[in-house]
Amino acid sequence: MGQRLIYLDNNATTPTDPRVVEAMIPYFHEIPGNAASRNHPFGWAAEQAVDNARKQIADLVNVDEREIIFTSGATESDNLAIKGVFEMYQRKGDHIITVKTEHKAVLDACAKVEKMGGKVTYLDVQRNGLIRLEDLEAAITDKTVLVSIMWANNETGVIQPMKEIGDICAKHGVLFMSDATQAVGKIPVDPKAVGVHLMAFTSHKMYGPKGVGALFVNRKSPRVKVTSQMDGGGHERGMRSGTLNVPGIVGFGKAAELAKEEMQQDAERLSKLRDKLESALMGSLEEAYVNGTRESRMPHVTNISFKHVEGEGLMMTFNQNIAVSSGSACTSASLEPSYVLVALGLGDDLAHSSLRFSLGRFTTEEDIDETIAKVTEGVNHMRDISPIWEMYKEGIDIDAIEWSEH
Amino acid sequence: MAYSEKLLDHFKNPRNVGTLDKNSTSVGTGLVGAPECGDVMRLQIEVDPITKKITEAKFKTFGCGSAIASSSLATEWLKGKTVDEALAIDNMAIVEELALPPVKIHCSVLAEDAIKGAIKDYQAKNGVQTAESIAASH
């Protein structure tokens, strides 16, 4: 080892900002109370800290603090929103619309809804990663109770047309839920301005601690309710029981405050670095393709396929000191390549060949320069030992070969 | 996941990367896998016509680290073996040598298939009847 470690996997999780850690520390020992203990100073201090954090988080996304429900993270928030709406609005209808490129937390919650007797439509996306608005409108029926569409995709960074989707939902009187895990704290997110009624997000994707998230639930016109999925003491307006994670919530609040202040400058700096990385790799390597539209995309993410190179193998050439992620099957136990990239219409070969670079607040220009050098070297090395690259270079049509599938 | 030292060594310093003349009668080529599956291995052997020993083995692989290491190891093992000895190489020996995790066992299967494919090609070129072709002619 001894090499400098470079972290470009901020869509998986972000490092906790040291200022966040500092804000959290008193709430482990000095201020140990349970925020639900209403009869002594320990409880009062904890409650005050939670109230303050709730305000910081509500301010970041421009909602009322009474509309923030704390959870253990975005997965729980997605589950609470989807199953909670399905159960609460059963009399109105049993149909949910979502998209094939959603996070597993949404897709699997929808699969559970189907098991519970509901119906779910999974919209396709275009090659650029965006849904077609007409597909959404066509899918809405008088039984539709919820549309669940993510704000920004975790693998490609593609941002969906939230306002247009919100308008369609409003027109048909359907609730609009969004998993905004990758967007909140990185770009301006204002659910009310675009007609989102429920929104899941989490602390650890915005430089806060892991294990704490939130669900925004619209309080007025319409007043949205969800059936709780966790029964107990009736915390969080009865929607989510369980003792609040006070240090985590304090950290989440501090992270939200910092994001509000620094988001714009972070985004400007990171989009320049991302563009530098992208154009350097695309410029020096043949047959490299950016996945997802570059027109509507998160500022810190790029997902690139390097044709005729397998993603996991490629990562192994530099993963002793550079952390990225791959849509290759080989990074998971499933042996299937990324379902998100497949939904974009990439062939399996390009889906296997992809790397996702996600930059963050602590990424430096030096990190990017080293990454450009190492990835270029890695792709060239992998192509030197790739029989498919050799065939491609000899002008053989790879698609015309009858491969022995195994 | 954490890989064994041997696997990482074969991945970082792959042995016998290259291409032999596939049209030569003393060369056998095995090409297995599919781009859609994320693995393609091409393994080639050159056989001495007198001694029937494998004098040269080369590979190129598109795939994950385990697939590359498995094919690199296979070429190392092939050199100096007779064709019959090479046919006896079992994928589980590769699994053991590289300490492949369970999800990567298919990489060793692919390497065994590539060895068998290369030998079959060599034998077909040289009019050697394989067990299969004998069975087929009956």
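A note on names: the letters A, B, ... follow the listed sequences, proteins ahead of strands, and every chain is numbered from 1.
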Check whether more than 12 heavy atoms from other residues, nucleotides or ligands sit under 6.0 Å from atom NZ of Lys79(B), and answer yes or no.
-> yes

Once you round to the nearest 0.5 Å, how far does CG of Leu314(A) lie from SG of Cys64(B)?
-> 12.5 Å

CG-NZ distance between Asp384(A) and Lys60(B), expressed to the nearest 0.5 angstrom = 6.5 Å

Among Gly65(B), Gly117(B), Pro35(B), single out the residue with the greatest number of heavy-atom pairs under 4.5 Å to chain A.
-> Pro35(B)

Taking atom NZ of Lys22(B) as the centre, report whether more than 12 heavy atoms of other residues, nucleotides or ligands fall under 6.0 Å from it.
-> no

Determine yes or no for a side-chain-to-main-chain donor-acceptor pair under 3.5 angstrom, with Lys12(B) supplying the side chain and Thr317(A) the backbone.
-> no

Side-chain contact, heavy-atom cut-off 4.5 Å: Tyr3(B) with Met316(A)?
-> yes

For atom NZ of Lys276(A), is the number of surrounding heavy atoms from other residues, nucleotides or ligands below 6.0 Å larger than 12?
-> yes

Output for pair (Met41(B) CE, Ser386(A) OG), nearest 0.5 Å, gives 12.0 Å

Do other residues, nucleotides or ligands put more than 12 heavy atoms under 6.0 Å from the CD atom of Gln126(A)?
-> yes

For Leu43(B), is it the side chain, the backbone, both, or neither that has a heavy atom closer than 4.5 Å to a heavy atom of chain A?
-> neither

To the nearest 0.5 Å, atom CZ of Phe62(B) lies from atom NZ of Lys307(A) at 10.5 Å

Within a radius of less than 6.0 Å around NZ of Lys210(A), do more than 12 heavy atoms belonging to other residues, nucleotides or ligands occur?
-> yes

Under 4.5 Å from a heavy atom of chain A, the part of Thr19(B) involved = side chain

When you look at CD of Glu394(A), are more than 12 heavy atoms from neighbouring residues, nucleotides or ligands closer to it than 6.0 Å?
-> yes

What's the shortest heavy-atom distance between Glu310(A) and Gly38(B), and which atoms?
-> CG-O, 3.4 Å

Nearest heavy-atom approach of Phe11(B) to Gly313(A) is CZ-O, 3.1 Å

Can you tell which of Thr61(B), Ile68(B), Val17(B), Val109(B) has the highest number of heavy-atom pairs within less than 4.5 Å of chain A?
-> Thr61(B)

Applying a strict 4.5 Å limit to non-hydrogen atoms, the region of Ile398(A) in contact with chain B is side chain

